[in-house]
Each structure stands twice: as C-alpha cells, then as structure tokens.
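Count residues from 1 along the sequence.
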Amino acid sequence: MSGARDRVTDALYGLGWGTVKKLPEPVATALGRTIADTVWKRRGPSVLRLESNLARVVPDAGPERLAALSKAGMRSYMRYWMESFRLPAWSKERVRAGVEIKDIDLLMDGLASGRGVVLALPHMANWDLAGAWLTRGQGVPFTTVAERLKPETLYDRFVAYRESLGMEVLPHTGGSAFGRLARRLRSGGLVCLVADRDLSSSGIEVDFFGDATRMPAGPALLAQQTGALLMPAALWFDDSTVMRGRVYPAIEVPEAGTRAEKTSVMTQAMADAFAVGIAEHPEDWHMLQRLWLKDLERGPE
C-alpha cells in the first residue's frame, strides 16, 4: 500500500509540473483557488492543524475569524503550488516582475562586503519564487538544502526543479551539508534556509508566539563559524500578481557566552523576526504540521 501511494503521489506531482505550467495564468490561478476552497470545505487534518496553528498567531480571533484565515491560508498555499508548477516556464522578465522585496539593499550590501550571508525564512508565500527572483532576476546564485522526501523519485523531482531555477541544492540528511554550506559562506556566497521548523530533533528551544517550539541551530551556527551575516526575511502575497517580502537587519553574534549560549540567543532573535512577519501576514504562513512542543507531545495526528 505504501509503495502504491508513493507512486501515485509522484505521478500527481509530475502531472502538476507537466500540465499546470501549460495553462494560461488566469486559468491556473482559478484552478488553484477552486482546489483550495474544496480542500478547506472538507475540514481535513491539514486544514484543522493550520487553523490550530493560526489560533496561536492570532490569539484573540474567534471561530469565524479563524475560519476566514484558514480559508485564505489554503488559497495562499495553493497559489504557492500553482506558481511553483509554472515557474520553470516563466521568462526572466516575468520572474523579475513577480517579486518586490523591501530593504533588499541589506542583503546586497551584505554580499558586497564579502562576508557571506545566511538568509533565513519561514514557510511563507512562495520561497521558490523568491529564490528564482534572486538567481534568474538578480543574478545572485545561492545554496540551499532540501528535506528528504518519500518516495525518492519525488525528492529527485524537487531537486531537479530547484536546480532548474538556478539553485544549488544539498540534501538535508547525510552529514556533509553543513561543511559545504560553510565553504560557500567563507567564499562570500549566499545560503538560503527555510528555518521555522526543526527537522533534526536537536534544534534550539525558542519562545514563539508565547509558547515553546524548536527551530534549527544551523543558521546561527553557520554565522558564528564562518563570520557570515544572519538575516531573517519574510514573504507574503497581496491581491496582485506580485509577491512581496522584507529582509530584516542582520542578527549580531553576542560578544559573550559559550557557543551554545550564543546560538540560543541568535535563534531566538531569528524566531522573533519570523513572528513579526507571520503576525503581519498570518494567512501566508503555510504551517500545516504540528510545530509547538505541546502539540508534538500528543502523539501521531
């Protein structure tokens, strides 16, 4: 059963990349919204989990407000997929016109300094589009990591897709990613990491919207070890076809303390920056999994 399910999953993603990119943009947009609304109406586990997560982000929201946010959240999530399926067919001009980032000069100045930059993002809006905008629209190459997915053929699809957009993609597991990321940073390069969910079970505990969760230590450790700048960022959609974003000022490495203490302080500062962006645009945070420790302790969902 698991093997058959994996084959179906891989085939569906392949159909998306092969078919959706050929649709006219208004048709793809309408299709994504229809799928999102259908899934939202079914009130499955992913929708309920999204709503539960949003309840922490917007604690004063009543049931109607949370329902509206989760519906908008599913539409945002499906916009991500529709755009991602179509991205390989977008021209350089379409990619460049599709993104507007506030304070992007912070990132560009950091790279110009030669120190290297770790750009850390939460799961907001379309991080693949932001990556394509950097590589194809701005001529800025970067390295990232990808979570190992099952089946392996699906993981290979995602790696090939992101490499087609100009990214260097390393596997999250295997032990060699950290060293290669450090080398890229020491040479003045850019590393982009989606960093609001710990995949290693050895992350740093942080306070996030008033409760405890864990976020990966990698961004802070890379900054300490290489001298690179650690810059958080946020992304969001509006009613236009342009995705918006913001780069936040670099997180300083504390002067005093052990490496573990410095990592904890920096990871908390990263979480605080993420919280600002998510609170301003909660419907564009695509967190459909358990995140907070109290929720993770309750066992399988």
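Looking only at distances, a side-chain donor or acceptor of Arg290 sits under 3.5 Å from a matching main-chain atom of Asp295. Formation of a donor-acceptor pair under 3.5 Å by the Ser52 side chain with backbone atoms of Leu48 is not found in this model. No donor-acceptor pair under 3.5 Å is formed between the side chain of Thr144 and the backbone N or O of Val169. In terms of modelled atom types and a separation under 3.5 Å, the side chain of Asp284 and the main chain of Trp236 share no donor-acceptor contact. Within the 3.5 Å criterion, the main-chain N or O of Thr34 finds a donor-acceptor partner in the side chain of Thr38. The backbone N or O of Arg94 sits less than 3.5 Å from a side-chain atom of Ser91, completing a donor-acceptor pair. With Asn126 contributing its side chain and Leu129 its backbone, the two residues share a donor-acceptor pair below 3.5 Å. Of the possible donor and acceptor atoms, one in the side chain of Asp196 sits under 3.5 Å from a partner among the backbone N and O of His123. In this structure a side-chain-to-backbone donor-acceptor pair under 3.5 Å is present from Arg136 to Trp90. In terms of modelled atom types and a separation under 3.5 Å, the side chain of Arg115 and the main chain of Gly227 share a donor-acceptor contact.
By the side-chain hydrogen bond (donor to acceptor under 3.5 Å, both in side chains) test, Thr226 is found to be paired with no residue, residues two or more places apart in sequence or in another chain being considered.
In plain terms, the two heavy atoms of Ala120 and Leu230 that are nearest each other are CB-CD1, 4.2 Å. The two residues Glu168 and Arg180 make their nearest non-hydrogen contact at OE2-NH2, 3.4 Å. What you find for Ala36 and Met74 is that their closest heavy atoms are CB-O, 3.4 Å. The two residues Arg65 and Ala61 have their closest heavy-atom pair at CG-CB, 3.3 Å. When all heavy atoms of Ala177 and Pro171 are compared, the closest pair comes out as CB-O, 3.6 Å. The two residues Ala132 and Leu87 come nearest to each other via the heavy atoms CB-CD2, 4.3 Å.
Using cut-offs of 30° and 60° on the angle between ring planes, the pair His286 and Tyr80 is tilted.
In the model, Asn53 has no side-chain atom that pairs as donor or acceptor with a side-chain atom of Trp285 under 3.5 Å.
Distance check: Ser70 OG to Arg75 CZ gives 11.0 Å after rounding to the nearest 0.5 Å. With values rounded to the nearest 0.5 angstrom, Met287 atom CE is found 10.0 Å from Leu50 atom CG. Leu106 CG to Leu111 CG: the interatomic distance, rounded to the nearest 0.5 Å, is 11.0 Å.
Cluster annotation: Leu235 is not connected to Val242 through the hydrophobic network of ILVMFWY side chains, with a link wherever side-chain heavy atoms come within less than 4.5 Å.
Within 6.0 Å of atom CD in Glu252, 12 or fewer heavy atoms from other residues, nucleotides or ligands are found, so the atom counts as exposed in its surroundings.
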Sequence neighbours excluded and cut-off under 3.5 Å, please list the side-chain donor-acceptor pairs for residues 265-276, or say none.
residue: Thr267; atom: OG1; partner: Thr263; partner atom: O; Å: 2.7
residue: Gln268; atom: OE1; partner: Asp207; partner atom: N; Å: 2.8
residue: Gln268; atom: NE2; partner: Asp207; partner atom: O; Å: 2.9
residue: Gln268; atom: NE2; partner: Asp272; partner atom: OD1; Å: 2.9

Quiz: residues 210-217 side-chain donor-acceptor pairs under 3.5 angstrom, not counting sequence neighbours:
residue: Asp211; atom: OD2; partner: Arg56; partner atom: NH1; Å: 2.9
residue: Thr213; atom: OG1; partner: Leu291; partner atom: O; Å: 2.6

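In this structure the side chain of Met231 never reaches within 4.5 angstrom of the side chain of Tyr248, judged on heavy atoms. In this structure the side chain of Ser84 reaches within 4.5 angstrom of the side chain of Tyr161, judged on heavy atoms. Proximity of Val194 to Pro122: side-chain heavy atoms (C-beta onward) are nowhere separated by under 4.5 Å.
Arg79 forms a cation-pi arrangement with Phe237, by the criterion of a distance under 6.0 Å to the ring centre and an angle within 45° of the ring axis.
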